[in-house]
Amino acid sequence: MAKGKSLRIGAGISVAIIILLIGFMGVFDVTAVSKIPVDTESIEFRPDIVFFDNMEAFGKLEKTKAVFLHDQHTDALEKKNKDCLVCHKTENGRMSPKFMRLKDVSREELTKIYCDNCTKCHTETIAAGEKAGPVKCDDCHKERILIQSSRVPMGFDKSLHFRHYRAQENKCDRCHHEYDKKSQKLFYDKGKEGTCRYCHKEKPEGDDTEKVISMRFASHSACIDCHLKTRAKNMDAGPLRCAGCHDAQEQLKIEKVKNVPRLKRGQPDNVIIKTGDKKGLIARMNQVPFSHKSHEEYNDTCRVCHLASLESCATCHPLVGSNKVSKNGRDITLETAFHKRGHQSSCTGCHESKQQDKSCAGCHAFMSKTRQQESTACLRCHMVPLPEKTGVLSTSKSAKMARLMPQLWKETFGPIYMVNVPKTVVVKDLMDQYEAVEYPHQKVFNSMVKQLENSKLARYFHYDETTLCLGCHHNTPAGDKPPRCANCHDKPFNENNLFRPGIMGSFHQQCIGCHQKMGIEKYTGCTSCHKERKKQS
């Protein structure tokens with residue numbers, strides 16, 4: 001790899017931060033969270049703090065977890081022209097993340113490895129007249145810990161992935177591999193590259209002969225090993241210190257590629273989402289066209305949708321429920337996988353999460369969806385007629401339908417507003433203490449339309465006034481003269497519907513609530529909208 005093709009971070013810090021691995025607490029087999037309550041004013045926060053907790057695997061600890069500052073040790077070794085291999089052994093040319101060993105050992109052996117090696121190093125350093133760590137048990141195993149972790153997770157986004165892809169001269173085999181059970185060896189399978197997390201989970205899996213190491217071990221082992229070898233060639237490489245990846249300020253220095261080229265994985269631009277039905281079951285809804293290319297632009301990783309693999313959703317999620325729990329789909333049906341609310345990986349859940357943006361929350365935070373709205377929204381996605389139905393697209397094959405999607409979206413995409421919006425609306429329902437309110441109806445409506453210009457998703461689903469007006473005029477058909485609010489919100493207490501507010505409550509909840517959700521501070525007080533009535537003499 002040429003020197004000019006190596007990775008660089010802004011402000012002189014290189015960025016091959018491949019340790020981007022959510023869930024890591026340090027380079028060693030440790031975790032970095034202490035549960036011991038302490039005086040927060042005397043605590044020092046560091047991104048490199050780890051606690052030696054390996055002994056927990058053997059039962060209750062005899063002493064508290066030993067505190068270890070990883071970057072402090074890395075810096076001390078670097079001053080002596082030494083590196084990670086002082087503490088970590090290598091196997092098959094790759095450094096192990098375990099301390100002074102390659103495999104798990106017994107409780108007695110593990111205790112001896114840590115105590116003997118750490119104490120020996122500290123003793124020799126002190127004998128040389130240099131400052132060193134503790135040599136007594138209680139100086140490591142402290143009851144009151146005054147150092148806590150400030151470590152933040154790191155993610156391998158598409159910008160960083162592209163920079164590594166470019167630095168490796170488009171060779172994916174440097175990081176991606178599969179496992180051959182027969183030969184018990186790793187190999188590169190071109191065209192089947194996927195995220196490391198598809199195989200490497202949070203904890204190790206499998207038996208001793210085919211154990212798949214955790215994501216934390218896999219990433220620190222492979223990434224730091226690559227960084228070390230790259231630096232050995234006098235080339236810029238990624239960080240070796242914990243802070244290089246897990247310090248909040250250092251993360252801000254990572255250079256972002258503005259226009260990341262699309263990953264070449266053989267994925268189609270547009271597809272027709274299918275059920276994977278091979279038993280002759282008939283779907284009841286029209287088919288759904290999906291712009292794969294557009295959704296790639298919105299997300300940093302394929303795992304947003306493809307949680308377990310890059311295969312079709314129907315591979316893991318069955319069309320109908322069963323008593324058997326699938327390995328990857330967890331017995332979540334295909335319909336649930338697409339429509340589950342509150343889950344970022346489902347279509348419905350992801351779309352609804354966008355409604356929390358302040359430009360959308362003004363309406364969506366207080367609007368309950370009616371059956372009519374739900375059915376209308378369904379047709380915005382389920383728009384391609386099934387084969388047994390009539391229509392131009394129904395006689396086409398899936399590939400041809402997918403090619404027609406851009407034109408179909410173009411014809412059905414933009415919002416159409418035909419309603420005659422009045423310039424002002426006079427609200428006279430609250431005139432006991434204040435003057436009538438002149439509500440700038442047209443101005444508010446136009447501002448809502450303007451908000452849609454910044455969101456392709458919002459423009460698509462707010463395609464006519466039936467969706468836009470329903471933010472305020474809920475449960476009523478759209479038109480030039482919708483029913484008065486007081487027709488439903490008539491009295492403060494409705495014994496037939498305890499959850500329906502009276503006219504005053506409905507206005508204040510909808511108007512003030514909308515302003516608060518959208519961050520509009522100007523109209524939150526009484527006199528912002530109401531002029532006080534003059535007392536008659």
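Hydrogens, waters and symmetry mates are skipped; everything else that's a heavy atom, side chains included, is used.
- The side-chain heavy atoms of L457 and K354, taken from C-beta on, include a pair separated by under 4.5 Å.
- Counting heavy atoms from C-beta on, the side chains of S214 and K203 never come closer than 4.5 Å.
- At distances below 3.5 Å, not a single donor-acceptor pair connects side-chain atoms of D490 with backbone N or O atoms of A486.
- A donor atom on one side chain and an acceptor atom on the other are not found under 3.5 Å apart for T315 and S312.
- For the 3.5 Å distance criterion, the side chains of S159 and D157 fail to qualify, holding no donor opposite an acceptor.
- Heavy-atom minimum distance, H339 versus T348: CA-OG1, 3.4 Å.
- Rounded to the nearest 0.5 angstrom, K531 NZ and Y434 OH are separated by 14.0 Å.
- Heavy atoms only, all atoms of each residue included: I213 and H200 are closest at O-ND1, 2.9 Å.
- Two rings, from F461 and H351, have their centers less than 6.0 Å apart.
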Please evaluate residues L310 and R265 with respect to the criterion side-chain contact (heavy atoms from CB on, under 4.5 Å), reporting the C-alpha separation (whole Å), side-chain torsions for both, the decisive distance (0.1 Å), and the verdict.
CA-CA 10 Å; L310 291 177; R265 190 58 169 72; 3.4 Å; yes
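- For the atom pair NZ (K340) and CD (E352), the distance works out to 12.0 Å, reported to the nearest 0.5 Å.
- R500 meets the side-chain hydrogen bond (donor to acceptor under 3.5 Å, both in side chains) test with no other residue; sequence neighbours excluded.
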Applying side-chain contact (heavy atoms from CB on, under 4.5 Å) to D269 and R262, what does each step give before you reach the verdict?
CA-CA 11 Å; D269 290 351; R262 191 182 184 195; 2.5 Å; yes
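- Pairs of residues two or more places apart, or lying in two chains, never qualify as salt bridge (Lys or Arg N to Asp or Glu O under 4.0 Å) while including a residue from residues 300-312.
- Note on ring orientation: taking the six-membered ring where Trp is involved, the planes of H530 and H508 are perpendicular (angle over 60°, cut-offs 30° and 60°).
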Applying salt bridge (charged side-chain N to carboxylate O under 4.0 Å, His left out) to E44 and R46, what does each step give before you reach the verdict?
CA-CA 7 Å; E44 177 187 0; R46 297 176 59 109; 3.7 Å; yes
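- Side-chain polar atoms of Q267 and E296 form a donor-acceptor pair below 3.5 angstrom.
- Across N487 and P483, no two heavy atoms sit closer than the pair ND2-CB, 3.7 Å.
- E250 places none of its side-chain heavy atoms less than 4.5 Å from the side chain of C245.
- The shortest distance between side-chain heavy atoms of K456 and S294 falls below 4.5 Å.
- Put simply, the side chain of Y198 reaches to within 4.5 Å of the side chain of H306, judged on heavy atoms.
- Looking at F445 and C469, their side chains come closer than 4.5 Å, going by heavy atoms from C-beta outward.
- Minimum interatomic distance between S346 and A337 (heavy atoms only, all atoms of both residues): CB-O, 3.0 Å.
- Of all the heavy atoms in H441 and V421, the pair that sits closest is ND1-CG1, 3.0 Å.
- No donor-acceptor distance shorter than 3.5 angstrom exists from the side chain of N299 to the backbone of T301, with no hydrogens or angles considered.
- Between F162 and Y165, the ring planes lie tilted relative to each other; the angle falls in the 30° to 60° range.
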Worked verdict on E255 versus R163 for salt bridge (charged side-chain N to carboxylate O under 4.0 Å, His left out):
CA-CA 9 Å; E255 179 187 338; R163 298 186 66 189; 3.4 Å; yes
